[in-house]
Each structure stands twice: as C-alpha cells, then as structure tokens.
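Here is how names work: the chains are called A, B, and so on, in the same order as the sequence lines, proteins then strands, and each is numbered from 1.
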There are 2 protein chains.
Amino acid sequence: MARTTGSDGEKTEAAIRDAALDLISRLGFEAMSMRQLASQVGVQPAALYRYFPTKEELLFALMREHMENLIVSWGEARPVEGTIEEKPAGRLAAFVENHIRFHLARRNSTHVSNLELRSLSEKRLKRILDLRSQYEGELRSILTDGQRDRVFQIDDVSLTAMAIIQMITGVIVWFRPELRLSEDEVAANYHTMTMRLVGAVM
Amino acid sequence: MARTTGSDGEKTEAAIRDAALDLISRLGFEAMSMRQLASQVGVQPAALYRYFPTKEELLFALMREHMENLIVSWGEARPVEGTIEEKPAGRLAAFVENHIRFHLARRNSTHVSNLELRSLSEKRLKRILDLRSQYEGELRSILTDGQRDRVFQIDDVSLTAMAIIQMITGVIVWFRPELRLSEDEVAANYHTMTMRLVGAVM
DNA sequence: GAATTAATTGAACGTTCGTTTTATTAATTT
DNA sequence: AAATTAATAAAACGAACGTTCAATTAATTC
C-alpha cells in the first residue's frame, strides 16, 4: 500500500502534534518512540518524517508553538492603556488570570514545555528560553511599575517574578477538572494569593 | 581482568548514586544509558547490576532516599513544643527555611525527584507519592492551625499548601550560587513572601 | 597458605531505537 | 485522460539499549 484514501497532509500533521503532546506528556519525550507515535496517529513511522525531519525538531515545534501562543494570549488579554485596569494591580490580575486559564486549557503542552527542555540542543534550547524570558519580562515590568507607584511591596522584583511564575504554573501539577474547585474558583484563589504575595491591598 | 585493586562495594555504590544523580539531572532518566553511567563511575556496565537489579530500581532508590531525607530534615528542624516558635507563624517560617536550604543543597536529587516520576512503575510511584503527601501534610497542618488561631488568612488550605510548595521548590529552577543573592537572602525573601501569601502580619 | 567470598571484567543476548530509501497509490493539475 | 505532485507503506540500516552469564582476580577468613 501507499497513499491511503482520504489522506490529507494538514490533518495528518495536526494529528501528529496532538498525539505527540499526549504521548510526551504521559511518557516523557525520550520514552516515547517514533513507532509508538506513528501507531497512535494510525500511520507508518516513515510518514512522520514528511512533517518533522527529526524527533527533536518535532519537540521543538511543539514547544515553540506553546510559548508563542502564550505570548499572543497575553498580548490579547493585557489591559489597554488609559483604563483603570491598566494600573499595576489590574495588569497583575489580568496576567495571573490569563496564565492560569491558558495553562489549564493546555495541560499537555504545558507539561511538555516545562519538563522536556533537556532534550533540546543548545541552540534550540536558547530560542525557547528567549521566548520564556520575554514572557517573564512582562511580569517583571508589572512588578517594577507597582513598586514605583508604591502599590506593591516587593523586596526583589526578579525573585518575586520567578516565585509567582512557579506558583501559578504549578496549578497544573495538582488541579484536576473533576475536583471540588472550579476553574473560576482556582483562578480567583491564585489571584488573591498573588496580590497578598506582592503586598497589594485589595 | 576481574576484581580490581582497591575495589570496595560501599564506595562503588556511593559512586553510582552520585554519578546517577548527576547524569539523570542533566540528561533525564530515559536519556541516561547504563553504559554512560558505568563509564562515569569508571566501571563496566555489568558491575552496576551488583548494586541495583534494574535501572528503574536505581531511580526508585534515589527518589525514596531523597524524600526520606527531606522528611527527616523537617523532623529535626521542626520547632519543639511549648516554645514561641511552635506557634503557626514560627512553624511556617521553619518549614520554609528548611525546605529552601534542603533543596538548594541537593539540586541534583531534587531535579530527579521532581522530574522523573513518570519513569516509575505504578507501585513505586505510589510509594513516592505517599512520602510526598506525608511531607505536604506537615505544611497543611501548619496552615490549618494558623487559620484556626486567626493568624493566617487562607481561603483554601490545600490549594495554598500546593501553591507554597510549588513556589519554594521552584527556587532550584533559577537560583545559581554565583548570582548576586546569597542563600540567606534567598531564604529570607521566600520567608517574607510566604508570610504575606498567607496573610500573616510580621 | 588454602579456602572462601566479594568485586569486577569481557563478551554476548535479543530487542528496540531513530532514520532512510524505494516503491506505490491517491489526489490534483493540465 | 495524461502528467504531476502529495501522501503514505514496506522494508531495511546500523547503532544503541537494558540485561545476563561465565570467567577471573582481589580481599578476607580460617
């Protein structure tokens, strides 16, 4: 056999991405074999190489897409200038809420992006870390502005930014949709904790 | 050749553990081969199997030891009953300080214990998660007591416990000894943030 | 100093890995 | 309807994997 009836490059590529996110987040990147991936997609291993030249480039594509989506998501959620929400406290609230919702909606790719950095070559690792640093810079600038306006009490902006990122990303480690708390309640809770953490009066 | 001059089982086992922690934390468990490990220890691959029956049991041993050490460490650092430090705020301060110092002193095994859970069989995974839950229970009980005494303002004890654990464990992701902040400063900073997070007045 | 035990080597086992090559068929274009 | 391009299958490559086994030597015990 060769080309199968109804086969379509775009659909296959999307199916590969989905299956890869599922398998990598469950088994880990190194533990997932290309044969396993092909089998889950319903295709022969060789077909994968039409879409991704190597296993590592597949991982890189998934991670880059995740980070770019995250940055775009924040760009759209960020309060517009001149509004009341554009003050530091409003921006921080928007940042936390967007971050929580984005990650809860993308558990698989979040796991992949957070746990598989070691499998990237130095060059590709740097590109992902640059995107990450760009995103974290948004948080740092919010904290710096709040410190300047004396609405936040922060000892060290960089350290606080890392602490907040770790805390709010950690939600995907324990949160399960079937648990007692809803996504809204979780987001509200993290918002409150973040505001207390930076010493903002609510 | 066979047994080498000066060879000693205890030393070899310790060397295997050290090398494994180093390699796994750098490459990941699946990416580390037993041949690589043997080479770093300075021994033939077959020699590893005198100390650990399988690769997975080696990983399990490293993780269990890490968690048991963490629990022992907290047992020794925990304030004694009847002292002023035994109030919730003092216990929380001790918990955060011990946690930060313990993890900063054991970067490799922390990475292994946090990132490689997926490589454990169901049974062994459960044993590690039980130890983890036992440790987290200590934090939850501190938060519960502080809530009862009205010295902490906490919406949800479990959620807050997870948030704090994620935040303070995250220190090893970014902290490098050569950076501007000392271990003492970092610990003090996390202590302040934690107290603010639970709404304690300092 | 002989017998025993501990520690390790060297070689090999079958399996699986990521990837490549070639052939074949479906869909699209001309 | 013929020619071309896109999508896949089938088979194979050499390399690396975790692990086992038998042989060998160092250290210890008697």
C:dT15 C1' sits how many Å from B:Lys55 NZ, rounded?
15 Å
Check this for me: does any side-chain nitrogen of one of B:Arg148 and B:Asp145 sit under 4.0 Å from a carboxylate oxygen of the other?
yes
Has B:Ser33 got a side-chain N or O lying under 4.0 Å from the OP1 or OP2 atom of D:dA16?
no
Round to the nearest Å and state the distance from B:Phe29 atom CZ to D:dG18 atom C1'.
10 Å
Determine: side-chain N/O of A:Thr54 to OP1/OP2 of C:dG18, distance under 4.0 Å, yes or no.
no
Find which nucleotide of DNA chain C each of B:Ala47 and A:Glu30 is nearest to by heavy atoms, and output the residue with the more 5' nucleotide.
B:Ala47
Separation of atom NZ in B:Lys11 from atom C1' in C:dA6, rounded to whole Å:
15 Å
Round to a whole Å and report the spacing from CG of A:Leu37 to P of C:dG18.
10 Å
Side-chain donor-acceptor pairs of residues 36-43 of chain B under 3.5 Å, sequence neighbours excluded:
unit_1: B:Gln36; atom_1: OE1; unit_2: B:Ser33; atom_2: N; d: 3.2
unit_1: B:Gln40; atom_1: NE2; unit_2: B:Asp22; atom_2: OD2; d: 2.9

Measuring to OP1 and OP2 of D:dT8, would you say a side-chain N or O of A:Gln44 lies under 4.0 angstrom away?
no
Whole angstroms only, please: what is the CD-P distance between B:Gln36 and D:dT19?
15 Å
At less than 4.0 Å, is any side-chain N or O atom of A:Tyr51 found next to OP1 or OP2 of D:dT8? Yes or no.
yes
Do any side-chain nitrogens or oxygens of B:Tyr49 fall under 4.0 Å of OP1 or OP2 in C:dT8?
no
Here the distance between atom P of C:dT8 and atom CD of B:Glu10, to the nearest Å, is 12 Å
Check the distance between D:dA7's P and A:Glu13's CD and give it to me in whole angstrom.
10 Å
Decide, yes or no, whether a salt bridge links B:Arg50 with B:Glu13 under the criterion of side-chain N to carboxylate O below 4.0 Å.
no
Candidates A:Leu159, A:Asp156, A:Asp155 - the one meeting side-chain contact (heavy atoms from CB on, under 4.5 Å) with B:Met193:
A:Leu159
Starting from the 5' end of DNA chain D, give me the residue, A:Ala46 or A:Arg50, whose nearest nucleotide shows up first.
A:Arg50
Would you call B:Glu116 and A:Arg118 a salt bridge, taking side-chain N to carboxylate O under 4.0 Å as the test?
yes
What is the distance, to the nearest angstrom, from the CE atom on A:Met32 to the P atom on C:dG18?
7 Å
